[in-house]
Structures are given as structure tokens and as C-alpha cells.
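First comes the structure, then the notes that go with it.
For clarity, every value in this text was computed on a predicted model and none was experimentally measured.
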Amino acid sequence: MQQCRQMRQAAAAVMLVLLAMTVGCVCVAQQVGCAAENDRPGCQARMVAPIRDGVVIRAFDEPAEPWLAGHRGVDLAAGEGDDIVAPIDGTISFRGKVGGKSVVSMVHAGWTLTFEPAVTDLSVGASLRRGQPLGMVGHGSDHCDGSCLHWGIRLDGRRYRDPESFLTAMRIRLLPVR
């Protein structure tokens, strides 16, 4: 039975290649920027900035190895008490202190988004929609000194991603290979 399934899968792959060669359209995917987020249907950023106007004052600096020094997120210009909104639909997964700092985390699929210093009145398990108020910038951060919000994104609990890369409106476009 397993052998028949593998043969069918191989035959299907060969048929797709032959069809593509016949049509002359073996395609590759390309990310294309958009002039404006709403210029065409399907062209929007994956996330919104958690702080209004979201000016990055310290960029992401991924370490070469997970245990090495780096900046595992971005710092956005913000003041204590500024509103924080959910960058994407998700669920509050943590609210409290970590190393004496106020932290709020939310999850979306396999991503964990963390905000520091941040406080919220929402309970763990509360659902949020993209752009909905999440909390406020707190105080007591040792690296922002009251002038920023640190925003980090971790994929599958391991790999950190650059949050700024999710703020650009993009569209996937298929192009023929020549």
C-alpha cells in the first residue's frame, strides 16, 4: 500500500513538471513591495506596529548563535503610559514580571510576541484582534530608560525574527523562469 502511494506521488510530480514545461511556465515566487498598504487587494503588512507610528530606535540584531549576545527584537519610541495594540490576532499568554521587568506576551499560531516594559488589565487567555488595545507601556526597563517599548517575536519557541520585517506591505507574485 505504501509503495503504491509513493508511486502515485512520483507520477503526479512528473505530470506537473511536464505540464509546466508544455505551458512554458515554470514559476518562482517573489515578494513584491506595495506602494501603499491598501493600493490593491491582498497587499497588506502581516502585522501592525504595536505603538502608533512605530518608529524603530534600535534595530533587530540576530545573534550568530542562540546563546550569543544580540538584540532579539526592536525598540520602538514610546513613553510610559502609551497605548500598545495587538500587531496580529492572538491570545494573551503571559502578563507579569520577568527579572523585575513588566512583560506581556501573546501567541499567534507558532509565534510568541513579547512586549517590555508593558502592562495589561487583560487576563491570560484573552483573545485579541489585530489593532485592538493590548495594554500600555510600563516603567522599569533597564535598556529603554522610559523611552521605548521592546518588541520581540519568537517562532516555535526557538528562532527570533525581526519584527520590523512584518510591518512592510508585501504580495507574493509568481514569475516565469526563463
Side-chain angles (χ1 to χ4, degrees), residues 29-63 66 70-173:
Q30 176 191 42
Q31 282 193 337
V32 180
C34 303
E37 186 165 316
N38 296 318
D39 70 341
R40 292 185 207 127
C43 192
Q44 69 175 357
R46 291 176 77 178
M47 296 185 190
V48 296
I51 297 291
R52 186 173 181 204
D53 298 327
V55 176
V56 175
I57 59 174
R58 183 171 176 202
F60 179 77
D61 180 19
E62 184 173 21
H71 191 237
R72 292 165 175 85
V74 295
D75 292 345
L76 302 172
E80 186 176 335
D82 285 355
D83 292 328
I84 304 170
V85 299
I88 196 165
D89 295 352
T91 304
I92 299 290
S93 59
F94 177 84
R95 62 175 234 172
K97 299 276 187 180
V98 175
K101 303 177 216 176
S102 299
V103 175
V104 175
S105 295
M106 64 180 287
V107 293
H108 168 87
W111 303 344
T112 301
L113 292 75
T114 302
F115 310 94
E116 182 267 316
V119 293
T120 185
D121 291 331
L122 300 174
S123 300
V124 170
S127 294
L128 294 163
R129 303 290 296 171
R130 173 185 170 133
Q132 182 179 348
L134 178 150
M136 295 184 307
V137 176
H139 65 279
S141 174
D142 58 354
H143 79 274
C144 285
D145 194 28
S147 63
C148 78
L149 174 76
H150 177 80
W151 173 30
I153 299 177
R154 204 172 51 198
L155 179 62
D156 295 327
R158 296 186 180 138
R159 186 167 162 232
Y160 286 88
R161 303 289 303 268
D162 180 359
E164 197 171 9
S165 70
F166 293 96
L167 298 176
T168 304
M170 292 290 201
R171 178 182 307 112
I172 301 294
R173 181 171 68 179

W111 and F166 aromatic centres sub-6.0 Å: yes
Residues in side chain to side chain contact (heavy atoms under 4.5 Å, CB included) with R52, at least two apart? none
Point-to-point distance, once rounded to the nearest 0.5 Å, from CD of E80 to NE2 of H139: 5.5 Å
Side chain proximity check, V104 to L134, heavy atoms < 4.5 angstrom: yes
Write down the atom of W151, the atom of P163, and the distance for their closest heavy-atom approach. O-CG, 3.3 Å
If you look only at distance, which donor and acceptor atoms sit under 3.5 Å apart when one is on a side chain in residues 86-97 and the other is two or more places apart or in another chain?
residue : atom : partner : partner atom : Å
D89     : OD1  : R130    : N            : 2.7
D89     : OD2  : R129    : NH1          : 3.1
S93     : OG   : S105    : O            : 3.4
R95     : NH1  : T120    : O            : 3.2
R95     : NH1  : D121    : O            : 3.4
R95     : NH1  : L122    : O            : 2.8
K97     : NZ   : S102    : OG           : 3.3

Closest non-hydrogen contact found for A49 with G54 is CB-CA, 4.0 Å
Using 30° and 60° as the class boundaries, would you call the ring planes of H71 and H150 parallel, tilted or perpendicular? perpendicular
Is the shortest side-chain heavy-atom distance between I84 and I51 below 4.5 Å? yes
Let's go through I153 and L155 carefully: what are the C-alpha distance in whole Å and the side-chain angles of both, what is the deciding distance for side-chain contact (heavy atoms from CB on, under 4.5 Å) to 0.1 Å, and is it a yes or a no? CA-CA 7 Å; I153 299 177; L155 179 62; 5.9 Å; no
Sequence-distant partners of D82, side chain to side chain contact (heavy atoms under 4.5 Å, CB included), two or more places apart: A78, V137
To the nearest 0.5 Å, what is the distance between CZ on F60 and CG on D75? 12.5 Å
Could I get the full list of ring-ring contact (aromatic ring centres under 6.0 Å, His included) partners for Y160, not counting sequence neighbours? none
Scan residues 161-170 for pairs that pass salt bridge (Lys or Arg N to Asp or Glu O under 4.0 Å), counting only residues two or more places apart or in two chains. none
Is there a side-chain contact (heavy atoms from CB on, under 4.5 Å) between E116 and V98? Walk through the geometry before answering. CA-CA 9 Å; E116 182 267 316; V98 175; over 6 Å; no
How long is the span from the CE atom in M106 to the CG atom in L128, to the nearest 0.5 Å? 5.0 Å
Tell me, please, which residues at least two apart from P133 pass side chain to side chain contact (heavy atoms under 4.5 Å, CB included). none
I need the R72 CZ to E62 CD distance, nearest 0.5 Å. 9.0 Å
Could you state the interatomic distance from CG (L76) to CZ (R58), rounded to the nearest 0.5 Å? 12.5 Å
